[in-house]
Each structure stands twice: as structure tokens, then as C-alpha cells.
Amino acid sequence: MDQAEPIRLQKFLAERGVASRRAAEQMIAAGRVQVNGKTVTDMGVKIVPERDRVLVDGAEPPAPPQLRYILLHKPTGYICSVRDEKGRRTVLDLVPAAQRLYPVGRLDYDTSGLLLLTNDGALTHALLHPSRQVEKTYWAETEAVPDESGLQRLRRGVYLSDGKTAPAKARIVKRLPDGAVVELTIHEGRNRQVRRMMEAINCPVRRLKRVSVAFLTLEGLPLGGWRELSPEEVARLSAYVRQETPKRR
Ligand code: URA
């Protein structure tokens, strides 16, 4: 996300990799930091990175890291962590390693589909924050065909061990000889939520794929493929998470 807003000096220094936030506070208190030619020792000072000139020990802090946004079509068989103690493959094995990127949320080892990876901590935080209600759509191949009352239960919210789910959008995409493909749109992010919701209506999931997040889809991306988001998509995503949620519906 852009940084046209004022931010605390110690946060700015930490984001530029000068020091941790606490160590940056000590540097400020020690009189080592100047803003626009004046030494600043007050902790409350805010700056606008594009406007104000900050020097630490007389030198400019390093340039901000380039923000990157990758949309990955995750195959099953990869975990969504930076490292795995069991030595399993991680989603980072699928994307270029030039910069440290982090998955935005998680898909299970046995789930495929759309996963964002970025080093933009502010956008990640916003996308995952429950108040933003970011819509995620899944296609679940189930072992039974849900009836209308099952679909209604998904739409109203079902009771799971960690409480009732928020209302979801649910519809049958396709009937199969031994089950169905069900499209489910949720905005919560509980552990194995879709699988548990479908189990709650007696339709266990055989295969699960996330087909969209907000307005982003997998269109044109083969399994295991990735692409950078365009600047327009990044701007739209930032606007999406800032929007009043009811207006999206
Ligand atoms: N719900 C699940 O059950 N699994 C996922 O990976 C994502 C959502």
C-alpha cells in the first residue's frame, strides 16, 4: 500500500531496515536522528516518507524494499509456511526467490488454488483482518449432493466446534455421478473451514480448490503457475480492503 500518510519515525526507521522499532527509539532518544535538518528526540514525531528528509548518523536510510505481489495457482502437496519442520515442500519453492515473500493466509496442504504472496505487510494485514470481510470462493468436490436445506444451512451459518460460521454464499455448480461440485463463498478464515462446513451438512469434501479472492481469479494460470499482479490490480485490492464492506455486496 502506498505511504502518503504520516507514520511514526521509529516505524519508518524499522520499515527501512535501520533497526528494530525499539532500537530505533533508542537511536532517536540518543539524538542520532534528524528530520529536515533538525535533531528529533521526541517519540511522538510523525513523518511523511515522500516529503520529509530523514538522516541517521548523518546518512540516508536504505531505500524502501520493492513491494511485490504474486498470484500463485497452488497445487496440492505444498504447505503455506516459509519453512516446514517435516521437510515438506512449501509454496515458496514455486515462486522466484529473489525477495522474501510471505503467503497471505493459508491453504491446506491438500487444497489447491489461488494464493497471494507478498512482502507488503500492511496489505497482508488488511486482507486477513476479519473486519475487512474479504470474499474467498472455493469449489468443493463433495461425496454427496447437498439438498436445499443443506445449502440453506450454509447460507445461514452452521455450528462448528469453534462457533457458528457467518452466512456464506452456496450453490451447486455441477452434479457428479457420486457427489457434486459446490461453490462456497466465505469471508472468514478459520482452520479447515470449508471442509468442516461441508462435513456439518453431511457432504464430506473429496477435493478443494480456491477459485477467487476478492476480484482476483485463476484465469489463464496453469496449476503451479504464477504471475505478478499489475499495478492496477494492486491499487484495486488496496481500495477493496479500504471499502465499507456492505457496498461490495
Ligand atoms: N477451507 C478449508 O477447509 N481448507 C482450505 O485450505 C481453505 C479453506
Side-chain angles (χ1 to χ4, degrees), residues 70-86 88-95 101-118 124-146 150-151 153-174 176 179-218 221-226 237 240-241:
I70 281 182
L71 192 162
L72 170 71
H73 187 166
K74 176 195 177 292
T76 59
Y78 288 82
I79 61 155
C80 286
S81 321
V82 175
R83 210 167 289 115
D84 183 39
E85 72 281 1
K86 293 188 202 150
R88 288 176 297 182
R89 294 177 297 186
T90 82
V91 289
L92 294 181
D93 295 330
L94 295 163
V95 297
L101 297 176
Y102 301 91
V104 180
R106 280 165 197 260
L107 288 178
D108 299 332
Y109 183 75
D110 47 356
T111 300
S112 65
L114 195 160
L115 183 71
L116 288 172
L117 296 126
T118 182
T124 300
H125 180 76
L127 283 167
L128 296 178
H129 200 280
S131 69
R132 300 293 83 215
Q133 300 197 1
V134 174
E135 291 199 330
K136 289 151 286 196
T137 298
Y138 296 84
W139 278 21
E141 189 182 310
T142 54
E143 290 175 13
V145 185
L151 292 173
R153 284 178 63 200
L154 296 172
R155 290 172 191 145
R156 281 195 300 263
V158 293
Y159 287 93
L160 302 179
S161 56
D162 50 0
K164 192 178 176 195
T165 60
K169 294 176 190 163
R171 71 182 181 102
I172 295 174
V173 175
K174 196 174 176 184
L176 303 171
V181 176
V182 179
E183 183 179 87
L184 195 61
T185 300
I186 60 174
H187 57 73
E188 296 172 295
R190 303 192 209 174
N191 190 30
R192 295 182 83 81
Q193 181 166 347
V194 172
R195 291 173 205 273
R196 292 191 292 140
M197 287 174 77
M198 297 310 297
E199 248 159 53
I201 64 155
N202 298 317
C203 292
V205 171
R206 202 183 287 136
R207 290 204 294 172
L208 185 60
K209 176 177 189 155
R210 181 153 74 187
V211 296
S212 72
V213 172
F215 57 86
L216 295 167
T217 70
L218 288 169
L221 263 192
L223 194 64
W226 61 271
L237 208 49
Y240 179 97
V241 294

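Just follow the structure's listing: the first ligand is 1, and inside any ligand the first atom is 1. Positions are given from 1 along the sequence.
The side chain to side chain donor-acceptor pair (under 3.5 Å) check on Thr142 picks up nothing, with sequence neighbours excluded.
A 6.0 Å sphere centred on CZ of Arg190 holds more than 12 heavy atoms belonging to other residues, nucleotides or ligands.
Less than 4.0 angstrom separates some heavy atom of Tyr138 from each of these atoms of ligand 1: 7 (C), 8 (C). In the vicinity of Leu107, heavy-atom distances shorter than 4.0 Å reach the ligand 1 atoms 6 (O). Near Thr111, with a cut-off below 4.0 Å to any heavy atom, the atoms of ligand 1 are 4 (N), 5 (C), 6 (O).
With a 4.0 Å cut-off on non-hydrogen atoms, Leu208 touches ligand 1 through its side chain and not its backbone.
Val213 pairs in a side-chain contact (heavy atoms from CB on, under 4.5 Å) with only one of the listed residues (Leu71, Leu114, Val104), which is Leu114. Lys169 pairs in a side-chain hydrogen bond (donor to acceptor under 3.5 Å, both in side chains) with only one of the listed residues (His187, Glu183, Glu135), which is Glu135.
Ligand 1 has no nitrogen or oxygen under 3.5 angstrom from a nitrogen or oxygen of Arg106.
Among Thr76, Asp108, Val194, the residue whose heavy atom lies closest to atom 6 (O) of ligand 1 is Asp108.
A side-chain N or O of Arg195 and one of Thr111 form a donor-acceptor pair less than 3.5 Å apart.
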